[in-house]
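Report on the structure given below.
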Amino acid sequence: MTTFLILTIILVVFGVGLLLAEMFLLPGFGVAVIFGLLSLAGAVIIAYLKLTALWAWAGHVTLAACVVLCAIAIWVFVKSNAMDKMALDTKI
């Protein structure tokens, strides 16, 4: 049971990281978005199928955590000064 719990946590963190990398570092719709979404979907599927003996509501918690973590990560990244450092602001 704990193996699936650790795998779920790793997949959520990996998926959110890939989605952030695609949005702010890599241009276009590419491989990182596909793998990020597959990672998040895999975490939710594992939670619904394998973690039900641990908690009856593990799938709902994982799904809500994915949505909340993605929203918080995007909000924190946009509010930080990292966007200013990456943006092109020179004028010709």
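Follow the hydrophobic side-chain contacts under 4.5 Å out from I74 and you reach V16 in the same cluster. Neither W57 nor I45 shares a network with the other; the hydrophobic side chains, linked directly or stepwise wherever heavy atoms of I, L, V, M, F, W or Y lie under 4.5 Å apart, form separate groups for each. Side-chain heavy atoms closer than 4.5 Å link hydrophobic residues (I, L, V, M, F, W, Y) into clusters, and following such links, possibly through other members, connects I34 to L37.
The side chain to side chain contact (heavy atoms under 4.5 Å, CB included) check on L7 picks up L11, I46, with sequence neighbours excluded.
Atom CG of L38 sits about 10.5 Å away from atom CZ of F14, to the nearest 0.5 Å. In this structure, the separation between CZ on F4 and CG on L49 is 10.0 Å, given to the nearest 0.5 Å. L5 CG to T62 OG1: the interatomic distance, rounded to the nearest 0.5 Å, is 8.0 Å.
Contact detail for S39 and G15: the closest heavy-atom pair is OG-N, 3.5 Å.
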Practice problem: Apply side-chain contact (heavy atoms from CB on, under 4.5 Å) to the pair L40 and L19, showing each step before the final yes or no. | Solution: CA-CA 10 Å; L40 291 176; L19 289 177; 3.5 Å; yes
Would you list the atom pairs, donor with acceptor, under 3.5 Å between side chains in residues 65-73 and any protein atom, with sequence neighbours excluded?
none

